[in-house]
Amino acid sequence: MGFERYVLVTGGAGFIGSHLVRYLVRRYRDWGIVVLDALTYAGNLENLSDVLDAPNCIFVHGDIRDSVVVEGLFRRYGFWGVFHVAAESHVDRSIYDPVKFAEVNVVGTVVLLSVAMWWWRRHSDRFHRFLLVSTDEVYGSLGEEGVFTEESPYNPRSPYAASKAGGDMFAHAFFHTYGFPVVVTHSTNNFGPYQFPEKLIPLTILHFAEGKPVPVYGTGENVRDWIWVEDHVRALDVVFQRGEPGGVYHISAHNEWRNIDVVHAVGKLVDAYLGRSEGTYRRWIRFVADRPGHDFRYALRAERIRGLGWRPQVSFLEGLKRTVEWYLTHREWVDRVRSGAYRQYLKRHYSALLGSSS
Ligand code: NAD
Ligand code: DAU
């Protein structure tokens, strides 16, 4: 079945990518949504189980660094645009394996940009945008005051942030050198269902529920700016459709919280959900050694995207409540992620695909 147009979503089996794919598949039924994902530890096809069988969702198991695979997809589908979401995303892992982060987040991005540009040069009338999903972390750390704007200089401080900054720089270079129509978004910390339980919010929910220690790095006073993942995804669609080529767009709900306050908010919700007496969760909070180079605070000003009509729709506490309920009612998902059984999903359900694409 042919579709009016096709878009490529990289990293669509991860946390944000799976929400984006679900959104695009349901909203644009006349578009083919092609998902390219290497299914690393962070990629889980179960995250897409409710849309994988949709006629307009096409999953391809492959690596963004593999130019042959990427070029083959461009030839086959003639993409109208790219949402580049795939990355190594966890700061703690980047501290132990910076080379992997450089390979995926820098080299992988350059490979994708190069193939997409090759295609765009031949079919510029049929290629709209290359959207690169970046992060607030590229700007470095703020003190108690201040906020980053789209004009703030880069000052990445973790290997993860440095690798994302490297990918961003190439995207900007492709716009300035070749006129290739990139847009770059910088989002704050996302939260919601399907986040890999190594990140603060899902880890805290599960450990409180299971009576396990919750590690709070340092004093817990570091500040993060949180956004409901589906609000982020709607913003990506807005920027993809209406963002200026070469443009930079911040995505923030202007919702700053100290980590320790997030931990308390989660603890209260978990206690309430499980019918425990108030404050039970407190016994599991542990202050542990700080993350090396731990950035103190991030905050973004995001007026530009509001000018395109986007607003966040889900408040932090409402989103947190939904997230707690999701993790506590999706124990099978959690168990399969923890045991590694989730990695069999592709083999069990999509062996034909695996055979044709690996
Ligand atoms: P994630 O770790 O949950 O998912 C990453 C996905 O990319 C996985 O499905 C993985 O299999 C895939 N992937 C990794 N390497 C690949 C490769 N070489 N080829 C193909 N696929 C590969 O990440 P996430 O938290 O959903 O973040 C998605 C994007 O958003 C990243 O670019 C990240 O930098 C950015 N971001 C994340 C947040 C956040 O709070 N999570 C905030 C701002 C920006
Ligand atoms: O700011 C956007 C970034 O948010 C994204 O670019 C990253 O991909 C994403 O992983 C996230 O990075 P953080 O490092 O902010 O997220 P994480 O959930 O790992 O940590 C949030 C805060 O909580 C951070 O200050 C470190 C702290 N923390 C984290 C963990 C996992 C703890 O105190 N204890 C923990 O166990």
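In this text the structure is predicted, and so the values were computed from the model without any measurement. Counting convention: from 1, in listed order, for ligands and their atoms alike.
- Under the 6.0 Å distance and 45° angle rule, Arg76 does not count as a cation-pi partner of Tyr6.
- At under 3.5 Å, not a single nitrogen or oxygen of Ser187, backbone or side chain, sits near a nitrogen or oxygen of ligand 2.
- For atom 9 (C) of ligand 2, the closest non-hydrogen atom on the protein side is Ser89 O, 3.9 Å.
- Below 3.5 Å of separation, one finds an N or O of Asp63 facing an N or O of ligand 1.
- There is no side-chain donor-acceptor pair under 3.5 Å between Ser163 and Lys100.
- Contacts between Tyr160 and ligand 1, counted as non-hydrogen atom pairs separated by less than 4.0 Å, involve the side chain only.
- Considering only non-hydrogen atoms, atom 40 (O) of ligand 1 lies nearest to Asn190 out of Asn190, Val111, Ile251.
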Evaluate the criterion salt bridge (Lys or Arg N to Asp or Glu O under 4.0 Å) for residue pair Arg224 and Glu137; output intermediate values, then yes/no.
-> CA-CA 10 Å; Arg224 296 291 181 269; Glu137 303 206 8; 5.0 Å; no
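- Every N/O-N/O distance between Thr188 and ligand 2 stays at or above 3.5 Å.
- Checked by distance only, ligand 2 and Glu198 stay at 3.5 Å or farther apart across all their nitrogen or oxygen atoms.
- At a heavy-atom cutoff of 4.0 Å, ligand 1 is contacted by the backbone of Thr188 but not by its side chain.
- For atom 27 (C) of ligand 2, the closest non-hydrogen atom of the protein is Asn259 ND2, 3.4 Å.
- Here Tyr139 and His186 bring their ring centres to under 6.0 angstrom of each other.
- Here the shortest heavy-atom distance to atom 25 (O) of ligand 1, taken over Gly11, Ser89, Gly167, Ala13, belongs to Ser89.
- The heavy atom nearest to atom 14 (C) of ligand 1, considering only Gly62, Ala38, Ala87, is found in Ala87.
- In this structure, atom 36 (O) of ligand 2 lies nearest to the protein heavy atom Pro215 O, 3.4 Å.
- Counting heavy atoms from C-beta on, the side chains of Asn47 and Phe15 never come closer than 4.5 Å.
- A 4.5 Å side-chain heavy-atom check between His232 and Trp228 finds every atom pair outside the cut-off.
- Close N/O approach between Tyr298 and ligand 2 is not found [any backbone or side-chain N/O within under 3.5 Å].
- Classification of the His176-His172 ring pair by plane angle, with boundaries at 30° and 60°, yields tilted.
- The nearest heavy-atom contact from the protein to atom 19 (O) of ligand 2 is Arg291 NH2, 3.0 Å.
- At least one N or O atom of Leu200 sits closer than 3.5 Å to an N or O atom of ligand 2.
- The residues Arg65 and Glu103 are annotated as salt-bridged, a charged nitrogen and a carboxylate oxygen being separated by less than 4.0 angstrom.
- Within a 6.0 Å sphere centred on CZ of Arg276, heavy atoms belonging to other residues, nucleotides or ligands number more than 12.
- With atom 43 (C) of ligand 1 as the reference point, the heavy atom nearest to it among Ser163, Ala86, Ser187 is part of Ser187.
- If you look at Arg65 next to ligand 1, the close heavy atoms, those under 4.0 Å, all belong to the side chain.
- Under a hydrophobic clustering in which Ile, Leu, Val, Met, Phe, Trp and Tyr are joined whenever their side-chain heavy atoms come within less than 4.5 Å, directly or via other members, Val110 and Tyr160 fall into different clusters.
- No more than 12 heavy atoms of other residues, nucleotides or ligands sit less than 6.0 Å from atom CD of Glu332.
- Ligand 2 has an N or O atom lying under 3.5 Å from an N or O atom of Glu137, backbone or side chain.
- Looking at atom 26 (C) of ligand 2, its nearest protein heavy atom turns out to be His294 NE2, 3.5 Å.
- Checked against a 3.5 angstrom limit, the closest N/O atoms of Val104 and ligand 1 fall outside it.
- Considering backbone and side-chain atoms alike, Val91 places every N or O at 3.5 Å or more from each N or O of ligand 2.
- Using a 4.0 Å cut-off between heavy atoms, Asn105 makes no contact with ligand 1 at all.
- Side-chain atoms of Tyr77 and Arg5, non-hydrogen and from C-beta on, never get closer than 4.5 Å to each other.
- Classified by interplanar angle (parallel below 30°, tilted 30° to 60°, perpendicular above 60°), the ring pair Trp31/Tyr28 is parallel.
- Close approach of ligand 2 to Thr135 (heavy-atom distance below 4.0 Å) involves ligand atoms 1 (O), 2 (C), 3 (C), 5 (C), 6 (O).
- Between Trp326 and His330, the angle of the ring planes stays under 30°, which puts this pair in the parallel group of the 30/60° scheme.
- Heavy-atom contacts of Val216 reach the following atoms of ligand 2: 33 (O) (cutoff under 4.0 Å).
- Taking atom 16 (O) of ligand 2 as the reference point, the nearest protein heavy-atom neighbour is Asn189 ND2, 3.5 Å.
- In this structure, Phe208 and Tyr281 have perpendicular ring planes: the angle between them is above 60°, well past the 30° mark.
- Taking any N or O of Asp92, backbone or side chain, none lies under 3.5 Å from an N or O belonging to ligand 2.
- Ligand 1 has no nitrogen or oxygen under 3.5 angstrom from a nitrogen or oxygen of Ser134.
- Distances below 4.0 Å separate heavy atoms of His90 from the following atoms of ligand 2: 19 (O).
- Summarising the local packing, CD of Glu303 is surrounded by more than 12 heavy atoms from other residues, nucleotides or ligands at distances under 6.0 Å.
- The shortest contact between atom 1 (O) of ligand 2 and any protein heavy atom is with Asp136 OD1, 2.5 Å.
- Close approach to Lys199 involves these atoms of ligand 2, each under 4.0 Å from a residue heavy atom: 10 (O), 18 (O).
- Among protein heavy atoms, atom 33 (O) of ligand 2 sits closest to Tyr217 N, 2.9 Å.
- Atoms NZ and CZ, from Lys199 and Phe196 in turn, are 9.0 Å apart once rounded to the nearest 0.5 Å.
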